[in-house]
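Everything below concerns the one structure shown next.
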Amino acid sequence: MKIILIQLFYLTTLTAFAQPEIKVNDAKNHVGETVRICTKIYGGKYLEKDTLTLLNAGGNYPGAPLTIVIRAGAAKEFSSNPLVYFKGKDICVTGKIELFKEKPQIVIITKSQLVDHIKDIIDTEPK
């Protein structure tokens, strides 16, 4: 009985920290919420002046339903240029949805928020 209670405790604890997964086109309906979104990166832009990398998630600019913003500090955590690495790939991003000029965005603070979806699936599969 004690083992069952311990297992139940761990399961509820893990569930409490899990982020809801939403579709990229629903991002505008979840402003202020922390979510997980899996989608394709269609391109982006590096703004040298502001040292920002912007990734267009779920569509091409200017119609992309979500922009992923990677500031210089977080970009340093990646082993290669995030724009080059993620362009054309399916990714999963976790973070708080904010609005910038009435468009949804997620600001990346740490590398672990943005992962290659295929790598993410492989890393989480039981071995």
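For reference, positions follow the sequence shown, starting with 1.
With sequence neighbours left out, the side chain to side chain contact (heavy atoms under 4.5 Å, CB included) criterion links N25 to P65. Partners of K40 under the side chain to side chain contact (heavy atoms under 4.5 Å, CB included) rule, at least two apart in sequence or in another chain, are Y42, D90. Taking E21 as the reference, R36 meet the salt bridge (charged side-chain N to carboxylate O under 4.0 Å, His left out) condition, with sequence neighbours excluded. When the side chain to side chain contact (heavy atoms under 4.5 Å, CB included) test is applied to N29, the partners found at least two apart in sequence or on another chain are D26. Residues that satisfy the side chain to side chain contact (heavy atoms under 4.5 Å, CB included) test with Y61, not counting sequence neighbours, are N56.
Counting heavy-atom neighbours within 6.0 Å of K23 NZ, excluding the residue itself, gives a total of 12 or less.
When hydrophobic side chains of Ile, Leu, Val, Met, Phe, Trp and Tyr are connected at separations under 4.5 Å, V84 ends up as a singleton with no cluster partners.
Between the CD atom of E98 and the OG1 atom of T67 there is a distance of 11.5 Å, given to the nearest 0.5 Å. We find the NE2-CD1 distance between H30 and I37 to be 8.0 Å, quoted to the nearest 0.5 Å. Note that the CG atom of L55 and the CG atom of L52 stand 11.0 Å from one another [nearest 0.5 Å]. Here the CD1 atom belonging to I41 is positioned 4.0 Å from the CD1 atom belonging to I91, to the nearest 0.5 angstrom.
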Counting only pairs under 3.5 Å, give me each side-chain donor-acceptor contact of residues 99-114, with atom names and distances, residues two or more places apart or in other chains.
unit_1	atom_1	unit_2	atom_2	d
K103	NZ	P62	O	2.7
T110	OG1	E77	OE1	3.1
Q113	OE1	I109	N	2.6
Q113	OE1	T110	N	3.0
Q113	NE2	T94	O	2.8

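Contact annotation: the side chain of I97 approaches that of V35 to within less than 4.5 Å [non-hydrogen atoms, C-beta and beyond]. Considering only heavy atoms from C-beta on, I68 stays 4.5 Å or farther from F86 through its side chain.
Under a cutoff of 6.0 Å and an axis angle of 45°, K87 and Y85 do not form a cation-pi pair.
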Item to complete: Kindly indicate, with the supporting measurements, whether the criterion side-chain contact (heavy atoms from CB on, under 4.5 Å) is fulfilled by L54 and Y46.
Response: CA-CA 6 Å; L54 306 175; Y46 173 72; over 6 Å; no
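Annotation for A27 and L66: closest pair CB-CD1, 4.3 Å, computed over non-hydrogen atoms. Taking every heavy atom of both residues into account, A57 and A64 meet most closely at O-CB, 3.9 Å.
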